[in-house]
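This report refers to the structure that appears directly beneath it.
Note that ligands are numbered from 1 as they come in the structure, with each ligand's atoms numbered from 1 the same way.
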Amino acid sequence: MPRKVNYGVDYDDDGYNDYDDYDDYDYGYEVEENVKAPSEQDTIKHGVWRCSICTYDNEETMSSCDICGVLRGPLVNNGTYDEKRTANNFDLKSSRIPSRVVGKNEAVKLQSSTEGSDGSYDSTAKDKHNRVDEVIFLKNLEVRAPSSSKTADNSSSSMPKGRLDNVDESSDAVNMRSRGQSSSSLMPKEKSDKVGDSSSSRHGGEAHTLNLKNMSLAAKSGHSNDISLGRANSRAQYKPEKWMLPEKAEDSLTQLNLAIVGHVDSGKSTLSGRLLHLLGRISQKEMHKYEKESKLQGKGSFAYAWALDESAEERERGITMNVAVAYFDSKRYHVVILDSPGHKDFVPNMITGATQADAAILVIDASIGSFEAGMDGTKGQTREHAQLIRSFGVDQIIVVVNKMDAVDYSKDRFDLIKSQLGPFLRSCGFKDSSVSWIPLSAVENQNLVVAPSDVRLSWYHGPYLLDAIDSFQPPTRDFSKPLLMPICDVIKSSSQGQVSACGKLEAGAVRSGIKVLVMPSADIATVRSLERNSQACSIARAGDNVAVSLHGIDGNHVMAGGVLCHPDFPVAFAKHLELKVLVLDGATPILIGSQLEFHVHHAKEAARVARISSLLDSKTGKVTKKAPRCIVAKQSAVVEVVLHEPVCIEEFSKCKALGRVFLRTLGRTVAVGIVTRIVGEQ
Ligand code: GTP
Ligand code: MG
């Protein structure tokens with residue numbers, strides 16, 4: 001059943017509007033007192049010179065800062081920093097952090113970097129980093145440095161900020177929509193009608209939209225401070241009940257959550273729509289309707305994409321804004337497609353959706369100039385998406401080289417793309433054996449679900465796309481661990497007093513009638529009913545995408561960004577965390593006091609870097625320097641961050657999905673990391 005869409009990345013609705021007047025050209029780094037600005041005295045201290053950016057005391061003999069690479073010269077000459085200097089300099093324009101601080105030692109709220117920020121970046125500094133696609137491992141994290149990336153188009157400011165009338169009103173950004181079966185068994189009819197988006201219901205496979213509530217969990221949770229007492233229970237000691245473990249005969253198909261990622265306009269939605277149509281998930285009648293309607297709006301080429309891009313704005317702009325969820329079965333898998341937005345403004349949405357992926361399809365536009373645009377260190381999203389997907393823990397991907405019709409199915413073009421992208425994927429940590437390369441045309445239906453018929457593709461002898469999907473290794477699941485389900489979205493029925501939590505089960509299992517702990521409110525609720533992939537079911541297990549209808553709980557205590565867990569094994573709810581991070585290629589330096597957006601599963605908070613404990617050798621993970629003043633691109637480090645409000649979180653070693661974090665600022669991901677220690681719980 002369709003639900004009304006209230007989409008967009010609207011950070012400024014969630015308490016970030018302290019910075020409505022934020023201008024990313026007008027501010028420098030906001031730093032703590034211990035990173036004081038350089039004084040004249042500092043610069044003439046005997047035997048050392050102090051870096052104007054990170055304040056590190058460098059030896060006289062150094063011509064550039066040992067820590068952040070800024071040249072000494074300008075400081076010596078005039079004591080100021082010239083923004084347009086050399087490849088060694090980091091661009092101040094792009095590294096500006098709003099300087100207003102709520103209070104001493106308190107994190108500030110950031111305005112959305114996705115709104116209005118052009119995130120302009122010093123090309124010299126960037127190029128320097130992008131030239132080197134070298135391998136940088138963050139030990140235990142399995143990620144490597146990507147390039148900087150963003151698209152030129154920045155039009156998110158036109159995004160509407162409508163309301164979800166009877167979905168939780170405080171939900172701000174909607175990040176995922178599902179296309180497939182009805183969720184009506186969890187939603188009373190009248191409610192469903194109210195929330196329905198008429199455009200969504202065109203698909204026969206009724207679409208709905210899942211929300212990410214970008215809100216402070218603590219504010220609404222009524223969270224009990226005593227909850228950490230319950231955390232004495234070790235998850236390792238947990239003994240699963242028999243019903244939790246799948247029986248072989250039960251279902252021969254494994255669930256595969258498949259993220260479709262790639263640069264804007266590479267054809268992700270068209271490919272997804274085409275697959276769904278070819279596999280019978282979109283009827284001929286529906287397809288005919290899309291074709292007619294898209295033509296009428298002068299967007300005929302988007303007919304297949306319309307199956308996924310359901311909102312009026314997505315269709316009008318011809319871009320995906322929220323992750324769309326759809327289902328089909330292959331020979332081996334129940335495939336859940338997570339069609340991600342490629343536009344740089346919607347990377348946060350991409351993160352919240354694709355973080356659930358077991359495997360991914362990276363879509364490349366083969367057309368002349370388009371592949372190159374996607375790979376561009378400044379504007380391209382190919383690299384950032386590949387990097388993010390790898391840091392989500394996805395290690396098997398299919399690279400779909402789409403739009404081969406536009407290059408006459410040229411083998412040379414395909415080989416060139418492979419030769420340029422291949423080394424980068426390797427540098428991200430993808431093994432060659434886990435990457436498949438498939439040339440195809442979504443529009444001309446070549447090489448999708450059967451071998452290509454066009455003779456111009458006769459040089460290709462590999463599998464077609466559906467075959468390649470079936471060749472993925474089945475994901476491993478934590479069936480026998482205590483229940484953990486990060487809540488991606490909440491559906492509420494005010495008339496019936498029903499509330500459903502939606503998300504992917506990361507560990508354990510759930511069935512009707514059991515009690516679950518809803519974090520961070522720490523309320524116990526009973527599972528009334530369940531839907532898996534939008535179909536009613538009695539049991540759902542790790543890996544499944546579910547909507548869990550709850551009773552015995554105030555609907556306001558169930559929120560996106562929260563977690564459903566086993567009553568005896570609550571997740572942590574904390575704001576002071578130790579992380580191991582890798583600063584991405586092309587990112588601005590991270591200093592003590594830097595204000596960043598902190599993303600973990602479906603939660604987001606403003607964060608302040610409170611401490612940089614040590615720099616690590618990217619390859620060995622060994623400490624190379626204690627207490628550095630800053631971390632620069634491609635360095636990994638142990639840092640402590642303090643969040644503005646606590647979030648539901650786990651150490652990575654205990655739960656990967658709840659322990660992977662992303663740090664963003666000014667509309668780009670600057671670092672990926674894992675939680676190594678929860679310093680203080682609430
Ligand atoms: P975002 O979600 O906004 O990042 O875009 P997308 O990657 O989903 O691209 P979308 O499917 O919206 O397609 C963008 C344009 O590419 C449309 O005009 C499609 O018709 C066109 N397109 C997609 N696949 C092909 C293809 O195989 N060949 C050609 N020639 N055009 C294609
Ligand atoms: Mg799309």
message: Angle between ring planes, W459 versus F414, binned at 30° and 60°: parallel, tilted or perpendicular?
response: tilted
- prompt: What pairs with E372 under side chain to side chain donor-acceptor pair (under 3.5 Å), at least two apart in sequence or on another chain?
  reply: R413
query: Which of the numbered atoms in ligand 1 are below 4.0 angstrom from a heavy atom of V264?
result: 3 (O), 4 (O)
task: Number the atoms of ligand 1 from 1 as they appear, then name those within less than 4.0 Å of a heavy atom of S441, with their elements.
output: 27 (O)
Between ligand 1 and [X], is the shortest N or O to N or O distance under 3.5 Å?
X	answer
A442	yes
S266	yes
P341	no
G342	yes
D309	no
I319	no

Protein residue, atom and distance nearest to [atom], heavy-atom basis:
atom	value
atom 7 (O) of ligand 1	K268 NZ, 2.7 Å
atom 9 (O) of ligand 1	G267 N, 3.1 Å
atom 14 (C) of ligand 1	D265 OD1, 3.5 Å
atom 2 (O) of ligand 1	T320 OG1, 2.7 Å
atom 26 (C) of ligand 1	K403 CG, 3.4 Å
atom 12 (O) of ligand 1	F302 CE2, 3.3 Å
atom 20 (O) of ligand 1	S301 O, 2.6 Å

Regarding [X] and [Y], is there a side-chain donor-to-acceptor distance under 3.5 Å anywhere?
X	Y	result
T669	E384	yes
Q446	S453	yes
S330	D470	yes
Q284	H277	yes

Hey, looking at [atom], which of [options] has the closest heavy atom?
atom	options	answer
atom 24 (N) of ligand 1	N445, D405, V261, N402	N402
atom 10 (P) of ligand 1	T270, I260, V443, D339	T270
atom 8 (O) of ligand 1	G273, S269, G262	S269

- request: Give a yes or no on whether a salt bridge exists between K403 and D365, defined as a side-chain N under 4.0 angstrom from a carboxylate O.
  value: yes
task: May I ask you to decide whether E291 forms a salt bridge with K285, counting only side-chain N to carboxylate O separations under 4.0 Å?
output: no
- prompt: ring pair (Phe, Tyr, Trp, His ring centres under 6.0 Å) with Y460: which residues, sequence neighbours excluded?
  reply: none
message: Tell me every residue that passes ring pair (Phe, Tyr, Trp, His ring centres under 6.0 Å) with F662, counting only those two or more places apart in sequence or in another chain.
response: F392
query: If every non-hydrogen atom of P341 is compared with every non-hydrogen atom of H385, which pair is closest and at what distance?
result: O-CE1, 3.3 Å
message: In the structure I gave you, are the side-chain heavy atoms of M350 and I389 within less than 4.5 Å of one another anywhere?
response: yes
C502 side chain reached by I491 side chain, heavy atoms, under 4.5 Å: yes
task: Could you grab the distance from atom OG of S340 to atom CG of N322, nearest 0.5 Å is fine?
output: 11.0 Å
message: Let me confirm one number: the NZ-CZ distance from K431 to R426, rounded to the nearest 0.5 Å.
response: 13.5 Å
- prompt: What protein N/O/S atoms are found closer than 2.8 Å to the Mg ion (ligand 2)?
  reply: S269 OG, T320 OG1
